[in-house]
Amino acid sequence: MIVGLVVACEVAFWVLLAAGLAVRYLLRMPRTGLALLLCEPLLEVVLFAATAIDLRHGAAPDWRHGLAAVYIGFTVGLGHSTIAWADTRFAHRFAGGPPPVRPPRYGRARALHEWKVAGRWILACAVALALLQAAAWYVGGDGDTGSLRAWQHRMLLVIGINLVVAASYTLFPKRER
């Protein structure tokens with residue numbers, strides 16, 4: 001049930017995003033489009049509630065519950081930037097908006113860009129880590145929380161990778177030819 005709900009939330013995220021942008025730019029109803037885009041966080045609330053209810057009713061915490069926590073964390077950390085990315089491209093393509101700004105390619109500006117990207121990923125992982133820890137506490141000491149701990153280790157690995165990538169652009173900046 002939880003995996004199906006995660007998939008449904010992901011599909012609903014993209015459907016709401018496309019609908020919100022279409023209403024905003026094609027139908028020229030910016031407030032209605034914004035209202036559709038503001039429904040996005042409700043998906044995470046539903047997934048969070050369903051996961052908590054599943055655990056409360058005695059389900060053993062496993063990879064599915066960890067996946068739900070990670071999905072919520074990634075939506076919190078990366079959802080806004082994904083919506084902004086799509087909004088810029090949709091506005092350019094269908095509403096005569098300015099072309100999307102490309103990220104810098106060289107030097108200090110590129111390093112700063114990479115640190116901002118890493119910051120979003122770290123936020124996503126931090127939220128996921130907090131939710132995974134809360135789920136482990138919610139289950140209590142009697143339950144097997146090994147799968148939740150495995151997800152936590154994966155999130156720490158993702159944080160480490162993002163820090164290494166951002167640091168590499170700082171320590172070894174790419175130079176313009």
Side-chain angles (χ1 to χ4, degrees), residues 1-21 34-88 103 110-172:
M1 174 183 103
I2 298 296
V3 173
L5 193 54
V6 170
V7 170
C9 285
E10 179 67 10
V11 169
F13 174 86
W14 291 104
V15 168
L16 276 174
L17 179 58
L21 294 176
L34 179 62
L36 284 170
L37 292 174
L38 289 175
C39 289
E40 299 277 2
L42 295 176
L43 299 171
E44 283 66 49
V45 171
V46 168
L47 181 58
F48 179 76
T51 304
I53 290 169
D54 191 43
L55 288 172
R56 179 48 69 193
H57 285 112
D62 60 12
W63 66 271
R64 294 176 280 250
H65 300 98
L67 178 65
V70 169
Y71 176 80
I72 292 169
F74 278 35
T75 303
V76 169
L78 303 171
H80 179 72
S81 62
T82 302
I83 291 170
W85 175 87
D87 185 54
T88 302
R110 178 59 186 235
L112 180 61
H113 170 75
E114 292 299 328
W115 280 107
K116 287 178 182 178
V117 170
R120 288 191 289 269
W121 279 92
I122 291 168
L123 173 63
C125 291
V127 171
L129 282 165
L131 289 173
L132 289 162
Q133 186 60 47
W137 287 335
Y138 190 64
V139 169
D142 299 336
D144 178 23
T145 58
S147 62
L148 300 176
R149 299 286 179 223
W151 277 107
Q152 286 181 318
H153 289 118
R154 290 180 192 120
M155 294 302 95
L156 292 172
L157 179 64
V158 170
I159 288 172
I161 290 169
N162 277 280
L163 290 173
V164 167
V165 169
S168 72
Y169 278 94
T170 302
L171 298 173
F172 309 107

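For the single chain, residues carry numbers from 1 onward in sequence order.
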Flag side-chain contact, heavy atom, 4.5 Å: [X] against [Y]:
X    : Y    : value
R149 : Q133 : yes
I159 : W121 : no
L16  : L37  : no
N162 : W115 : no
V7   : E10  : no
L129 : L156 : yes

Which atom of [X] lies closest to which atom of [Y], heavy atoms considered:
X    : Y    : answer
T170 : A111 : OG1-CB, 3.9 Å
L43  : F13  : CD1-N, 3.6 Å
C125 : V158 : SG-CG1, 3.4 Å
L123 : V76  : CD2-O, 4.4 Å
G73  : V127 : CA-CG1, 3.6 Å
I2   : A68  : CG2-CB, 3.9 Å

Spacing of [atom1] belonging to [X] relative to [atom2] belonging to [Y], to within rounding of 0.5 Å:
X    : Y    : atom1 : atom2 : value
Q152 : S147 : CD    : OG    : 10.0 Å
L132 : R154 : CG    : CZ    : 10.0 Å
I83  : L78  : CD1   : CG    : 11.0 Å

Problem - L38: partners by side-chain contact (heavy atoms from CB on, under 4.5 Å), with sequence neighbours left out - result: L34
Problem - Residues D144, V139; criterion side-chain contact (heavy atoms from CB on, under 4.5 Å); working and verdict - result: CA-CA 8 Å; D144 178 23; V139 169; over 6 Å; no
Would you give me the side-chain donor-acceptor pairs under 3.5 Å for residues 44-59, sequence neighbours excluded?
from, atom 1, to, atom 2, distance (Å)
T51, OG1, L47, O, 2.8
D54, OD2, H65, NE2, 2.6
R56, NE, Y138, OH, 3.1
H57, ND1, I53, O, 2.9

Exercise for the section: Only counting residues at least two apart or in another chain, list the ones meeting salt bridge (Lys or Arg N to Asp or Glu O under 4.0 Å) with D62. Expected result: R64
Exercise for the section: Kindly indicate, with the supporting measurements, whether the criterion side-chain contact (heavy atoms from CB on, under 4.5 Å) is fulfilled by W137 and T145. Expected result: CA-CA 9 Å; W137 287 335; T145 58; over 6 Å; no
